[in-house]
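Reviewing the structure listed below.
When reading the values below, keep in mind they use all heavy atoms of this one structure, side chains included, and skip hydrogens, waters and symmetry mates. Worth saying up front: this structure is predicted, and the values here are computed from it rather than measured.
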Amino acid sequence: MGHTFVNHAKTAMLMAGLFALFAVVGARFGQGGLLMALVFAGGTNLFAFFFSDRIAICAMKGREVTPDNAPVVAGYDTSRLYEAVDRLRRRANLPMPRVYVCPHDAPNAFATGRSPSKSAVAFTQGLLRTMNQAELEGVIAHELAHVKNRDTLISTIAATIAGVLAFAAQWFFLIGGRREGNPLIGLVVVIVAAAGAVVIKGMISRSREYIADADGARIAGDTEGLASALAKLGGLSKQIPLIQPNPAQNNLFIVEPFCGKALTSLFATHPPIEARIGALQRLRPSIERTL
């Protein structure tokens, strides 16, 4: 529980850092323009929040799996997927999410939805083809942990503040900020704030992945399935790039989609695979004691 507590605390501090950057920029350039930016960015992200499930599923061409419609996909009987999600969501005390399979060869999975009652979990056919049952259940449990922890809401708030500061940077170049004061200092403040917001947003996403790994392992009842799945995903995702039309949604996936170019760790939405597996290995004794 200690590692999870640290990551929850880290998320809280990083969110506070985002709001502090917002306050600094507001104090420098006045609240009027920043309020307008907040309304614009807030409205955009509020729309994304309420329709995040439809947007993400549509972008990934997801096909819903139900008890009455569970086709065989890439040699995998998706009724087994539905049954595993149902069993694990009961263990997590969650309502049944909608289940989707996406026609992508790259192995990956994601969860979305503004609340547990409006949630959806999706899995690529590449994931179904490459994971054994224990690994698949580890991935499912990880995604259910995101649902349980309402990570869509957290990422929406972070994206809103980061979007406001990016908008403020663009606005500064158009109007030059306030007339009084040193314009060079103003330029540095707004650029540093906008860049800092992007970095903090990535750090928040990485902290939420550690939490979802830990809570997912507890839902699954062991760390081995998820750790093994992450090890496979780490290698396969670099060999098979995911055709992902909206990179802004990369934080949704269990591993960061590889699009043909590497990201620096500063801007990555996910921690290194090796670090995630190491954290799960350290968590194993505490989970075994609860069984």
(message) With heavy-atom distances below 4.5 Å as the criterion, would you say the side chains of Val73 and Phe123 are in contact?
(response) no
(request) Might you point out which heavy atoms bring Gly62 and Cys102 nearest each other, and give the distance in Å? (result) CA-SG, 3.9 Å
(request) Please test Glu135 against Leu230 for side-chain contact (heavy atoms from CB on, under 4.5 Å), starting from the C-alpha separation and ending with a verdict. (result) CA-CA 8 Å; Glu135 292 164 345; Leu230 289 173; over 6 Å; no
(request) Please answer whether the main-chain N or O of His142 pairs with a side-chain N or O of Asp213 as donor and acceptor at a distance below 3.5 Å. (result) no
(message) Restricting to non-hydrogen atoms, name the atom on Ala214 and the atom on Leu283 that form the minimum distance, rounded to 0.1 Å.
(response) CA-CD2, 3.6 Å
(message) I need the His146 NE2 to Asp215 CG distance, nearest 0.5 Å.
(response) 10.0 Å
(request) Kindly indicate whether the side chain of Pro116, heavy atoms from C-beta on, has any atom under 4.5 Å from the side chain of Arg150. (result) yes
(request) Mind listing the closest non-hydrogen atom pair of Leu252 and Ala56 along with its distance? (result) CD1-CB, 3.9 Å
(request) Kindly say whether Gly225 contributes a backbone atom to a donor-acceptor pair with the side chain of Ser228 at under 3.5 angstrom? (result) no
(message) Could you measure the distance from the CG atom of Asp86 to the CG atom of Leu81? Nearest 0.5 Å is fine.
(response) 11.0 Å
(request) Given side-chain hydrogen bond (donor to acceptor under 3.5 Å, both in side chains), test Tyr100 with Arg98 step by step and report yes or no. (result) CA-CA 7 Å; Tyr100 292 87; Arg98 300 190 311 281; 3.0 Å; yes
(message) So Asn69 and Glu64, do their side chains get closer than 4.5 Å, heavy atoms only?
(response) no
(request) Indicate the atoms forming the closest heavy-atom contact of Arg91 with Gly221, along with that distance. (result) NH1-N, 3.9 Å
(message) So Arg90 and Met96, do their side chains get closer than 4.5 Å, heavy atoms only?
(response) no
(request) Please confirm whether the backbone N or O of His104 pairs with a side-chain atom of Gln125, one donor and one acceptor, at under 3.5 Å? (result) no
(request) Provide the closest heavy-atom pair for Pro107 versus Thr124 in the form atom of the first, atom of the second, distance. (result) CA-OG1, 3.4 Å
(request) Can you spot which of Glu256, Glu209, Arg206, Arg208 makes a side-chain hydrogen bond (donor to acceptor under 3.5 Å, both in side chains) with Thr269? (result) Glu256
(request) State, yes or no, whether a side-chain contact exists between Ser119 and Thr112 at a heavy-atom distance under 4.5 Å. (result) no
(message) Quick check: closest heavy atoms across Asn108 and Val255, and the distance to 0.1 Å?
(response) ND2-O, 3.1 Å
(message) Looking at Ala145, is its backbone amide N or carbonyl O close enough to the side chain of Asn149 to form a donor-acceptor pair, meaning the two atoms are under 3.5 Å apart?
(response) yes
(message) Could you measure the distance from the CZ atom of Arg63 to the CD1 atom of Ile57? Nearest 0.5 Å is fine.
(response) 14.0 Å
(message) Can you tell me how far apart CG (Leu127) and CZ (Phe110) are? Round to the nearest 0.5 Å.
(response) 12.0 Å
(request) Check the side chains of Asp77 and Ser79 for a donor-acceptor pair under 3.5 angstrom, ignoring hydrogens and angles. (result) yes
(request) Could you walk me through whether Glu137 and Arg87 pass the side-chain contact (heavy atoms from CB on, under 4.5 Å) test, one step at a time? (result) CA-CA 10 Å; Glu137 292 189 9; Arg87 177 165 44 80; 2.5 Å; yes
(request) Find out whether Asp105 and Leu236 are in side-chain contact, i.e. whether some heavy atom of one side chain is under 4.5 Å from a heavy atom of the other. (result) no
(message) Between Thr223 (side chain only) and Ala217 (backbone N and O only), is there a donor and an acceptor less than 3.5 Å apart?
(response) no
(message) Tyr76 vs Arg129, test: side-chain contact (heavy atoms from CB on, under 4.5 Å). Steps then yes/no.
(response) CA-CA 7 Å; Tyr76 182 88; Arg129 189 176 61 249; over 6 Å; no
(request) Taking atom NZ of Lys232 as the centre, report whether more than 12 heavy atoms of other residues, nucleotides or ligands fall under 6.0 Å from it. (result) yes
(message) Show, in sequence, the C-alpha distance, side-chain angles and deciding distance for Arg284 and Gln281, and conclude whether the side-chain contact (heavy atoms from CB on, under 4.5 Å) test is met.
(response) CA-CA 5 Å; Arg284 182 178 179 181; Gln281 290 172 341; 5.7 Å; no
(message) So, taking the atom named CD1 in Ile140 and the one named CE in Met131, what distance separates them when rounded to the nearest 0.5 Å?
(response) 11.5 Å
(request) Could you tell me the separation between the CD atom of Glu143 and the CG atom of Asp151, rounded to the nearest 0.5 Å? (result) 10.0 Å
